[in-house]
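Notes to accompany the following structure.
Order of the sequence lines fixes the chain letters, A, B, ..., with proteins taken first and strands second; residue numbering starts at 1 for each chain.
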2 protein chains.
Amino acid sequence: MRAARDQSVVEDYVKVIYAHTEWQPEPITTSVLAARLGLAASSVTEMVKKLGNAGLAIHVPYGAVELTPEGVRLALRMLRRHRLIETWLVEVFSYGWDEVHDEAEVLEHTLSDRLLEAIAEQLGEPSRDPHGDPIPAADGRVSRAEAVVLRDAPEGSVGRIVRISDRDPTLLRYLRAEAIALDVELTVLGRRPFGGALAVRAGAVEHDLGDEAATSIWISIGESTVTSGVPLESS
Amino acid sequence: MRAARDQSVVEDYVKVIYAHTEWQPEPITTSVLAARLGLAASSVTEMVKKLGNAGLAIHVPYGAVELTPEGVRLALRMLRRHRLIETWLVEVFSYGWDEVHDEAEVLEHTLSDRLLEAIAEQLGEPSRDPHGDPIPAADGRVSRAEAVVLRDAPEGSVGRIVRISDRDPTLLRYLRAEAIALDVELTVLGRRPFGGALAVRAGAVEHDLGDEAATSIWISIGESTVTSGVPLESS
DNA sequence: GGTAAGATTTCGGTGTGCCGAAACTCAAGA
DNA sequence: TCTTGAGTTTCGGCACACCGAAATCTTACC
């Protein structure tokens, strides 16, 4: 009976489904979802069916998985929690930005709303987390810089780093050591031949970035901002 | 597989077993344990057997349940977590002492050691929680005031309130409204006839306390302190 | 010492989320 | 159009902590 009220599995699925479309448009497939969650594909198929019954997701068999508005609301709630907690750990407890993910992964499911909102207030309702990901407001609104992933940025373009994916802590440590951080201005110099590294200039220093780095860094070429979101009410 | 590494059920059992002997000597029975945990007696019997196999408890069938040194270590660790979290919620987030229990009950299982110790440091390593319960040190030592439960205090005795059980939030709110709090000096005036209320004086005010209150308040009639505990190392 | 009441354990069974293997679907290329 | 293999779902099964009912043990009292 314990798991009956343990919402956290559902929360994880929904969060990952949503996050997948946050910086690119393709909806997620069950196998990618399985890989992200570290589960067998068969488990995910079953669970996605349950999400469907719960009104959180829509899944055409053999097709992609998409969230209902209800699912989006829950996902935004979880993303708000995750990112507020990450920010809090960095600001209040001096965690490194490469050290916050695992702790947030657990706490996002267990802090009460009351405590979470108290923390948000102490932090002054921040709008982005230490990696540049937007923190949804309590009402579900999200505002983020319009951005392209570095790999797809045209040669010669100049932009400000607005997001660095937190998927790989090793990469985060490397980037920090190289002084590649949020809000740093980057110039895309060009790509080395034969699918090689991407050459960029950050400040006065030039770097050759591998594919993992080039797909983890997002730059904003301009100052436009996108606002979206679904009200959180019934979550 | 999720529950395989979910230690929190074990942690709850061990914590309750230990807490039962914290302020009185009788070891706990499976039925009392079941009542405290809100579970069926049969479930507890089974789980206690597993605690035995795990080397955390000793249970002679049909007898009481006692912790091994290993079990005590885990229990102290959990009590430290629970009570530090309660203290933290009161100090940093202005929770009322009647509001902290449920949140702590969840978070004690989910905060990392790193975060917990950071919190302890911010609080200045407190030695007792908002209800007067001792907070075990990180090394497992416990120091608490020697105390008797109010119901058993001899008539005429004078003592300082050193602990108020947090089991019933309603009672806590009532006591707060009556200005009966930690460190208040209490005089036991006597018992009303026929198992009636216990009359006490707190400051200048007299109160008639029912049995629930009289078994929830502990007073120290002297200044002696008891230190105990088992090193926490391998927990 | 026997016995009944109460406490405790055993037993069969449940829901949940997970897994691997087998069966199935679909789309791309021949 | 047919084939094929990658991707997906179905199926049988597992571990876990739990439950109620039935069986068993203990203890207190006669």
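For A/Lys50, no side-chain nitrogen or oxygen approaches OP1 or OP2 of C/dT16 to under 4.0 Å. Remark: A/His59 is not in phosphate contact with D/dT8, judged by side-chain N or O atoms under 4.0 Å from OP1 or OP2. For the pair A/Thr45 and D/dT9, the criterion of a side-chain N or O lying under 4.0 Å from OP1 or OP2 is met. Distances shorter than 4.0 Å separate some side-chain N or O of A/Tyr13 from OP1 or OP2 on C/dC18.
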Pair A/Val10-A/Lys50, side chain to side chain contact (heavy atoms under 4.5 Å, CB included): steps then yes or no: CA-CA 9 Å; A/Val10 169; A/Lys50 289 175 194 168; over 6 Å; no

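One cannot find a donor-acceptor pair under 3.5 Å joining the base of D/dG7 and the side-chain atoms of A/Ser31. A donor-acceptor contact under 3.5 angstrom links the side-chain atoms of A/Ser42 to the base of C/dG20.
The closest side-chain heavy-atom distance from A/Leu115 to B/Glu103 is below 4.5 Å.
Considering only the side chain of B/Ser43, D/dC19 comes nearest among C/dC24, D/dC19, C/dT9. If you check C/dT8, D/dT9, C/dC19 against the side chain of A/Leu39, the one that comes closest is C/dC19. The side chain of A/Tyr62 has D/dG7 as its nearest neighbour among D/dG7, D/dC18, C/dT8. Checking C/dC18, D/dT9, C/dG12 against every side-chain atom of B/Glu46, the shortest atom distance belongs to C/dG12.
Rounded to a whole Å, the CG atom of B/Asp6 is 13 Å from the C1' atom of C/dT16. If you measure from atom CE of B/Met47 to atom P of D/dC18, you get 7 Å, rounded to the nearest angstrom. Atom P of nucleotide D/dA17 and atom CG of B/Leu33 are separated by 14 Å, given to the nearest angstrom. Separating the NZ atom of A/Lys49 from the C1' atom of C/dG17 is a distance of 14 Å, rounded to the nearest angstrom.
Of the residues A/Asp129, A/Leu107, A/Ile85, A/Leu89, the one that meets the side-chain contact (heavy atoms from CB on, under 4.5 Å) test with A/Val100 is A/Leu89.
B/His82 and B/His101 have their aromatic ring centers within a separation under 6.0 angstrom.
Residue contacts for A/Ala40: at a heavy-atom cut-off of 4.0 Å it reaches the sugar-phosphate backbone alone, with no base atom in range.
With hydrogens and angles disregarded, no donor-acceptor distance shorter than 3.5 Å links the side chain of A/His20 to the backbone of A/Pro25.
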